Amino acid sequence: MSLYRTELRRLGKRRFTRWAALLGLLVLGAVLVGVFFTNQKIGPDQQAAAQRQAEQQYQEQVRWAEQERTVCEQAKASGQAQPEGRFPADCNMIEPPPPGSIDPQWFLPSTFDFRTLFGEMITTFTAIMAVIGFVVGASFVGAEWSSGGMMNLLLWRPRRLTVLLTKLAALLTGLVAVTVAAAAVWTAGFWLVGTLRGSTAKMTSGAWQSFGLTGLRGLVLIVVAATLGFALASLGRHTAMALGGAIGLAVVGQFGVGILLAMAGARFIEAWLLPTYALAWMQKKVTLEDWQSCNSVTYYGECKPDTLDLTWQHASILLAVGLVGALGAALVTMRRRDIA
Amino acid sequence: MPAVLEIEGLRKTYKSRRRGVRHALDGFDMVVEQGQVHGFLGPNGSGKTTTLRTLLGLIRPNGGRMAILGQEVPAALPAVVGQVGAIVESPQFFPNFSARDTLSLLAGAGGVPQTRVDEVLELVGLRDRAGERVKTYSLGMKQRLAVASALLKNPKLLILDEPANGLDPGGIREMRSLTRDLAASGMTVLLSSHILGEIQLICDSVTIISLGRRVAFGPVDQVLAEHSGSAVRVRLEAATDLPRAADALARAGLAVTAQPDHLMLAGVDKPAMVSRLLAEHGLYVSELAPVTVDLESVFLELTATAPVPGQHRQVDQSTKVGGAGQPGAAGGGWGA
């Protein structure tokens, strides 16, 4: 227990941890402030303004149609040659759009509907915190290895697996504590945005439950990301191993594979890209469409592509394999390696 | 006195596809008795640090037996590690923590009272700089911090690998004094160092390692005596009599080396015999002194690492006991 408390203290004392956490919270704050200022509440004034704009646009369309019809008739009467397709054969075919075709909704300002939009905000929060978790996790053990701190610690606590797992437990405890606190502020912040710059209507207990489950999946993703960073840095005994691995995977494994598969004309390329699974985990299901296929061609020429559903269960298998593989390798290596 | 540290037949082999097999430790033995300051000497690459790392569970041995305070390690290491303070090779600490934070975290991890932190900071002379980040420390200050970390547990066995490295002359003297005080308080100290004068001054006993094997061990005086070569320096009242004396001694079977003003004799068991022999020839001795050797010369002789003019000795060129050509120099390092 003393080792666990000590590692928690060490985590808190690390400048990198503090700066990374602060940076993450600043980014989250920037998103929150940005959403606040780019949305506004819809009231009678905004509705009336949108109505006026829609009417104004309709009138412009009417005027334009009349002008075009006049020009068309004059061109036909003068017998001058016109570019093909410039005017229809019958100038009366140039008509203004029917009344009501321009929806006043189109002119409403952006508004934050908590019920429909907060789910996306949970995903945004998860993505930012997962990156912070990965980097802090990698640094927490990587810097210990590269500075010799790990060797010093093992001179005091020779049970290697206990040391590594206790460090991981301390890291995850700190990360979960910060994540839960930040998530509470995040939720409160967007509730405020919804209240002041949108709507918080229709928030039933079912809606809250759904957000809660999405948040829980987000927390799992953050924990997995931190554990992966920790495990990779421990394997390579340096923070750069994890960061380099992540960058390498992103560049080669994601962009490279994406380009290669696109050139090969492969179907459902996104199914090979990790972010798709992260999204499937958060949204419970992602449906991929293959626009190269064209099934069920209807009488009107409608084309329905082949689809592939990736669910959170698929994503969970990938997360579990990645987690067990990386952490297992780190533990086995920790147990066997000579520390020089 | 009971042994605090015992090593028997310790082996550590490194295998490389490119460079073959290297025996870093090749059946190494060592015994350190309670309350002693024991010097651990060896040329670079001889296996000193590998021995210490293996002893402390950082490296897995390929064979042999080790025991600390009567308990077999590495199996019992978790049980005895609280009584072993160690610094291994150069001091390494997280650079952005202060000395106090560094020691406080180690104390926390080891269940040592936090009050001990200030005690050891005082002991190694870092009290006034304890709040500064380690990255601002000189090598000598880091070395002091390393010693402080080793002392934090108030151990029964203190293992110091090159503790004087980077210390100024005052620091070296302080370290010597500290080591003696610790030994006087009952602590057993294993001291690895290349400053052989220090070892000779401080240590009760030594072990000398070369290419992974022990080449000498025992009390310092005994090791020096065993390797003094029974050399004797002889001066006569008249230097002009030296050739006659050399001739008489050589005929008596002694190895004589003539110098301008004296003779050096080797293999003399009883110096009185020299005096009597020369007196029989009417030659009278003005000085008959056994030649004392220091640890450095013994070390260089035993490990065959004395510099030879015109040659550049490679790291692994030193004596290998029991090997071909023993006790002469043998090429070590990576083999087939």
Side-chain angles (χ1 to χ4, degrees), chain A residues 1-20 136 138-171 173-174 233 237-239 332-340, chain B residues 12-14 24 49-50 52-62 73-82 84-98 100-114 133-135 142 145-146 149-150 152-153 155 159 161:
Chain A
M1 193 61 189
S2 63
L3 180 61
Y4 174 72
R5 279 201 301 268
T6 302
E7 289 308 316
L8 267 180
R9 266 184 70 207
R10 191 192 307 278
L11 180 69
K13 276 185 175 290
R14 289 284 312 279
R15 280 197 314 166
F16 186 85
T17 307
R18 294 176 183 178
W19 282 109
V136 169
S139 167
F140 185 52
V141 72
E144 285 288 302
W145 275 116
S146 54
S147 71
M150 182 65 91
M151 193 183 78
N152 276 343
L153 189 56
L154 291 174
L155 292 178
W156 285 68
R157 303 293 292 247
R159 292 188 201 280
R160 298 181 178 190
L161 296 189
T162 305
V163 167
L164 195 68
L165 289 172
T166 305
K167 270 187 175 294
L168 179 60
L171 166 75
T173 303
R237 293 202 276 188
H238 207 288
T239 309
V332 168
T333 310
M334 179 73 175
R335 191 178 158 81
R336 289 185 178 172
R337 74 170 22 138
D338 285 340
I339 297 164
Chain B
K12 177 63 188 178
T13 302
Y14 291 104
T49 301
T50 303
L52 299 182
R53 285 182 191 276
T54 308
L55 192 64
L56 295 166
L58 299 175
I59 291 177
R60 289 174 185 278
N62 297 107
V73 291
L77 200 55
V80 296
V81 78
V84 181
I87 56 170
V88 184
E89 228 167 22
S90 55
Q92 294 179 319
F93 298 102
F94 191 68
N96 286 316
F97 284 168
S98 68
R100 180 169 280 111
D101 283 343
T102 301
L103 295 180
S104 173
L105 287 168
L106 281 176
V112 172
Q114 293 292 325
R133 285 185 191 155
V134 172
K135 70 177 179 184
K142 286 179 187 167
L145 178 58
S149 72
L152 206 53
K153 301 176 196 173
I159 298 173
D161 192 5

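Quick note: numbers below take in every heavy atom, side chains included, and nothing from hydrogens, waters or symmetry partners. These figures come from a predicted structure and were not determined experimentally.
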Which atoms of [X] are under 4.5 Å from chain A, going by heavy atoms: the side chain, the backbone, both sets, or neither?
X: Lys12(B); value: side chain
X: Ser104(B); value: both
X: Arg53(B); value: side chain

Note to self: Which one wins on heavy-atom pair count under 4.5 Å against chain A: Leu152(B), Thr49(B), Val112(B)?
What the structure shows: Leu152(B)
Notebook entry, point to check: Among Gly57(B), Pro78(B), Gly110(B), which residue forms the greatest number of heavy-atom pairs with chain A at distances under 4.5 Å?
Noted result: Pro78(B)
Item checked: Under 4.5 Å from a heavy atom of chain B, the part of Arg15(A) involved -> side chain
Notebook entry, point to check: Which bit of Arg160(A) is near chain B, if near means a heavy-atom gap under 4.5 Å: side chain, backbone, both or neither?
Noted result: side chain
Distance-minimising heavy-atom pair for [X] and [Y]:
X: Leu153(A); Y: Ala109(B); result: CD1-CB, 3.7 Å
X: Ser2(A); Y: Gly111(B); result: OG-N, 4.5 Å
X: Asp101(B); Y: Lys13(A); result: OD1-NZ, 3.1 Å
X: Pro158(A); Y: Val81(B); result: CD-CG1, 3.6 Å

Margin query: I need the residue from Glu7(A), Arg14(A), Arg159(A) with the largest number of non-hydrogen atom pairs under 4.5 Å to chain B.
Written below: Arg14(A)
Note to self: If you count heavy-atom pairs within less than 4.5 Å of chain B, which of Gly148(A), Ser147(A), Ala143(A), Ser146(A) leads?
What the structure shows: Ser147(A)
Notebook entry, point to check: For Arg237(A), does the CZ atom have more than 12 heavy-atom neighbours from other residues, nucleotides or ligands under 6.0 Å away?
Noted result: yes
Check: If you draw a 6.0 Å radius around CZ in Arg60(B), do more than 12 non-hydrogen atoms from other residues or ligands fall strictly inside?
Finding: yes
Just verifying a value: how many Å separate [X] [atom1] and [Y] [atom2], rounded to the nearest 0.5 Å?
X: Leu154(A); Y: Leu56(B); atom1: CG; atom2: CG; value: 10.5 Å
X: Leu106(B); Y: Arg10(A); atom1: CG; atom2: CZ; value: 7.0 Å
X: Asn152(A); Y: Leu105(B); atom1: CG; atom2: CG; value: 11.5 Å

Notebook entry, point to check: Less than 4.5 Å apart, any side-chain heavy atom of Val84(B) and any of Leu155(A)?
Noted result: no
Margin query: What I'd like to find out is whether the side chain of Gln92(B) reaches to under 4.5 Å of the side chain of Met150(A), using heavy atoms alone.
Written below: no
